[in-house]
Every structure is written in structure tokens, then in C-alpha cells.
Amino acid sequence: MLLYRFLLLVLTLAAVPAPTLMAQQQHPMNNTDLVKLVQAGVPESAIIASIRSSTPAFDLSSDGLIALHKAGVTQSELEAAIAASNTMHPSPGPNAPPAATSAVPASLPSVALLLNGTPRELTLEKVQLAQTKAKPTSLSSLSGDTMVNQAVQTGVNASAWEAASHVSSPAGYIAAGSAGGLMAGTMRRHQSSGVTYVWGIPGASSTNIAPTTSPAFMVNVAGVPGVNPDDYEPAIIKLTPSGNSVRLLGATQGKENAHSNPVADWQVYSNFIEDRVAIEKQELGKGQFRISPASPLLAGEYGVVLRPVSKSKQFSGADIMRGQGDGMIFDAAWSFQVPAGAPAH
């Protein structure tokens, strides 16, 4: 009888494919496992092979990536972990039924200020778009434009956008996007054959205070539906005060109806005016970065923004106005203040 049971067990195991047995025996690989391999001195190539052959259970949030980076996990190993996690959610095939669509992104881009190595997430601010007949020679020349200041202040729906940025609330995001409708009325009354579009943030100063003149940030633009994170890179820009109640980010010229055109044919960044700061950038994974200014910042107002890698990238003016898709990425900003007397480190 014992011999019969033994033979039956052997035949049963032989009938199970080897990959299935391996999958049953395999423990999902998480951040702790990855750090153990790195700290044990296992070669990078072996770690990457292990990641690719494992069932991924990694924490790839901003905090998780920072912890892995501090533990000595290399960029190649991080990229392998991210790629393995992405395979858990493959793209649908060409014959798959269309997925339900929504104007609300399942994930918003995020920026965190590093305070003694600990990330503190900043509020995503809805940049407002205004229009003027003045030529965009410089942001300083536009800072005294009354129409621009009024339009930026009128179009904002700060409470709705703050709620959306903190909890990714669909209702809050839709309400914040509707602020563009208020702006559109002002813009239609100020049309001409060639106009200047100006991006600004309401308020004279940011509530986010940089701890030093060389602050560091974690930036994540991955996971936004309909947006290719490879198309964007983070940047730090100097904000220009305007009328003691608005801070300007940038400006460009465009056609009078560019803001309402649903077709993605506007190379909005090809001749964009902004006061960009030189930065040091480290890519931690697809759409995930650590950035800091290349040299200490002077006291003043600044913003972290996302800019297209290619200046020839085309946008839909309607998407920019409504703050959706690529337009939402271009409009988004996270402001911060470097106070006078801030320490260098």
C-alpha cells in the first residue's frame, strides 16, 4: 500500500509542468528581499535575473524608492523591479474590448520635498492661463499687465484643486478643471490674430518653505493615464511676482483660438519664455526622479514643473485649458519659497 501511494505521488508530480511547481515554491520578491541581496554582495546581474524570474511584490512609491536607493540598490536594479511590476498589468491586445474612459486621472503626478532625507509631499497647484496682446519679450514685461493679473486670480478654484491634489478625489479634480471655463470667458473677450498666453499661480508667496538654498525633490510622473512619462522631465523655474498677488511661470505666443482647439497641433513649448534653473537630475525609474539645483538658489519664489523633453511636442489647447492628459502635466506646478537667510545646506 505504501509503495502504491509513493508511485501515485511520483506520477502526479510528473504530470505537473515544471514552471507551475517553481511558481508554487517561489516566494514573491519584495523590497526587503532586494535589499538583502544587495547587502549580501550578490552581483548586480544575478540580482536582476532574480527580479525578472520572481513574482514582484515591490513597494515602488516615492518612500519605497528612496529607501531602496539609500540601501544601495542600483539604478539598473530599480529599473528591473519597475519593469517586473509593470508586467503584472500588461497592455490589452488589439482585439480586447475598449476600456471605460474617464476624464479623471487614476494617478496624479507628485512632488515631495526632502527634509533631512524624509519626503514631504507638496500640494499640486493648478496653474491658470491668461491672455494678453502684449508681446512676450520677458516675464518682467508681462508682470504689470492688469488683464493677466485679473484673469489668473479669477480663474482659480483653489479649494477644489487642493482637495484633488491631496486625496486624488475625482470630484475635486473635475471641479478644479472647471476653473478653466471661467478663464475661457475672459480670454474670448481678448482675442486677436496673434496673442500671448501667460501661465501664472495666484498668490504672492508659497506656503512651502525650502529648508536650505539647495533643496532636493522627489518627482513622479509615472502612472498618469494617456501620458507617456518618457515625454517629460522635471525642471525648477524662478517665478516672477506680478501685482503682489500673482506669480508668473511662463508665456508664449499662439493663435487666438489655440486654447479651444481639440487637435494636438500646438508646439506650445517651442518658444516658451521661462526663468529655468540649472539642476542636477537623477533618474530612479521610469518617470521617477530626484532633482536639486546645481547651485544655491537666491531668496525668492520658485516652482517645480514638468516640461516636454522635446520642444517640438504638440499639445491640444483644449487639454491645456481643461487641465487633462498632457495638458494637465504641462499646467501642473509645485511652488516653494527660499527665504532670505536660508542656510546653504
Side-chain angles (χ1 to χ4, degrees), residues 109-114 122 124-130 132 134-143 145 148 152 196-203 205-206 208-210 212-221 227 229-242 246-254 266-284 287-315 320 326-339 342 344:
S110 64
V111 169
L113 173 64
L114 293 178
L122 304 184
L124 173 58
E125 299 175 78
K126 180 63 173 69
V127 174
Q128 294 299 317
L129 188 59
T132 178
K135 298 295 184 182
T137 54
S138 69
L139 291 181
S140 297
S141 67
L142 296 170
S143 63
D145 192 305
V148 169
V152 170
T196 297
Y197 293 91
V198 185
W199 280 254
I201 302 177
S205 61
S206 174
N208 300 314
I209 308 299
T212 71
T213 57
S214 299
F217 302 89
M218 299 295 295
V219 182
N220 187 351
V221 69
V227 174
D230 291 336
D231 288 346
Y232 296 92
E233 62 181 359
I236 296 177
I237 58 175
K238 181 79 166 61
L239 305 182
T240 300
S242 179
V246 173
R247 289 158 293 158
L248 303 184
L249 289 92
T252 191
Q253 285 192 300
W266 187 12
Q267 293 183 4
V268 64
Y269 200 56
S270 60
N271 293 294
F272 201 78
I273 296 175
E274 63 185 353
D275 192 357
R276 194 159 173 170
V277 174
I279 64 171
E280 294 179 349
K281 179 180 65 176
Q282 181 181 11
E283 188 170 1
L284 302 177
Q288 298 168 328
F289 306 87
R290 184 187 189 279
I291 63 171
S292 60
S295 58
L297 300 174
L298 299 175
E301 293 286 321
Y302 296 85
V304 177
V305 294
L306 294 162
R307 292 297 182 242
V309 174
S310 171
K311 288 197 171 187
S312 62
K313 179 175 174 58
Q314 297 180 320
F315 291 82
I320 288 178
D326 285 306
M328 185 267 288
I329 298 297
F330 191 83
D331 287 348
W334 298 260
S335 69
F336 66 95
Q337 177 188 158
V338 177

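When reading the values below, keep in mind they use all heavy atoms of this one structure, side chains included, and skip hydrogens, waters and symmetry mates. Sequence positions, counted from 1, serve as the residue numbers for this chain.
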- Message: Gln282 vs Leu284, test: side-chain contact (heavy atoms from CB on, under 4.5 Å). Steps then yes/no.
- Response: CA-CA 6 Å; Gln282 181 181 11; Leu284 302 177; 4.0 Å; yes
- Go through Val111 and Phe336 one step at a time and tell me if the side-chain contact (heavy atoms from CB on, under 4.5 Å) criterion holds. CA-CA 11 Å; Val111 169; Phe336 66 95; over 6 Å; no
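Distance alone, capped at 3.5 Å, is enough to place a donor-acceptor pair between the Ser206 side chain and the Ser335 backbone. Within the 3.5 Å criterion, the main-chain N or O of Pro308 finds no donor-acceptor partner in the side chain of Asp231. In this structure a side-chain-to-backbone donor-acceptor pair under 3.5 Å is missing from Thr132 to Thr196. When atom types are taken as modelled, the side chain of Arg247 and the backbone of Ser242 share no donor-acceptor pair closer than 3.5 angstrom.
Nearest heavy-atom pair across Val277 and Lys238 is CG2-N, 4.2 Å. Minimum interatomic distance between Ile279 and Ala235 (heavy atoms only, all atoms of both residues): CD1-CA, 4.4 Å. Taking all atoms of both residues into account, the shortest heavy-atom contact from Gly250 to Glu274 is CA-CB, 4.4 Å. The two residues Ser214 and Ala344 come nearest to each other via the heavy atoms OG-O, 3.9 Å. When every heavy atom of Arg290 is checked against every heavy atom of Ala216, the shortest pair comes out as NH2-CB, 3.6 Å. Here the closest heavy-atom approach between residue Ala342 and residue Thr213 is recorded as O-CG2, 3.5 Å.
Atom CG of Asp230 is surrounded by more than 12 heavy atoms from other residues, nucleotides or ligands within 6.0 Å. The number of heavy atoms from other shown groups lying within 6.0 Å of CD1 (Ile209) is above 12.
Ile237 CD1 to Asp275 CG: the interatomic distance, rounded to the nearest 0.5 Å, is 8.5 Å. A distance of 4.5 Å separates CD1 in Ile201 from CD in Glu125, rounded to the nearest 0.5 Å.
Within the 4.5 Å cutoff, the side chain of Lys313 has heavy atoms near those of the Phe315 side chain. Two residues are said to be in side-chain contact when any heavy atoms from C-beta on lie closer than 4.5 Å; Phe217 and Ile236 meet this criterion. Using a 4.5 Å heavy-atom threshold, the side chains of Leu248 and Leu239 count as separate. When side chains are defined from C-beta on, Asp331 does not count as touching Gln128, because their heavy atoms never get closer than 4.5 Å. Between Pro109 and Ile329, some side-chain heavy-atom pair lies under the 4.5 Å cut-off. For the pair Pro215/Pro293, a side-chain contact is recorded, criterion being any heavy-atom separation below 4.5 Å from C-beta on. By the 4.5 Å heavy-atom criterion applied to side chains, Thr252 and Tyr269 are not counted as neighbours. The side-chain heavy atoms of Val268 and Ile320, taken from C-beta on, include a pair separated by under 4.5 Å.
Aromatic pair Tyr302/Trp334: ring centres not closer than 6.0 Å. No close placement of the Phe289 and Tyr232 rings is indicated, their centers lying 6.0 Å or farther apart. Taking the six-membered ring for Trp, Trp266 and Tyr197 have ring centres closer than 6.0 Å.
When each of Leu142, Ile273, Leu249, Val246 is checked for a side-chain contact (heavy atoms from CB on, under 4.5 Å) with Val198, only Leu142 meets the rule.
Using a 4.0 Å cut-off between charged nitrogen and carboxylate oxygen, Glu233 and Lys311 do not count as a salt-bridge pair.
Remark: Pro229 engages Val221, Lys286 in a side-chain contact (heavy atoms from CB on, under 4.5 Å) (not counting sequence neighbours).
Ser310 and Ser312 form a side-chain donor-acceptor contact under 3.5 Å, judged by distance and modelled atom types alone.
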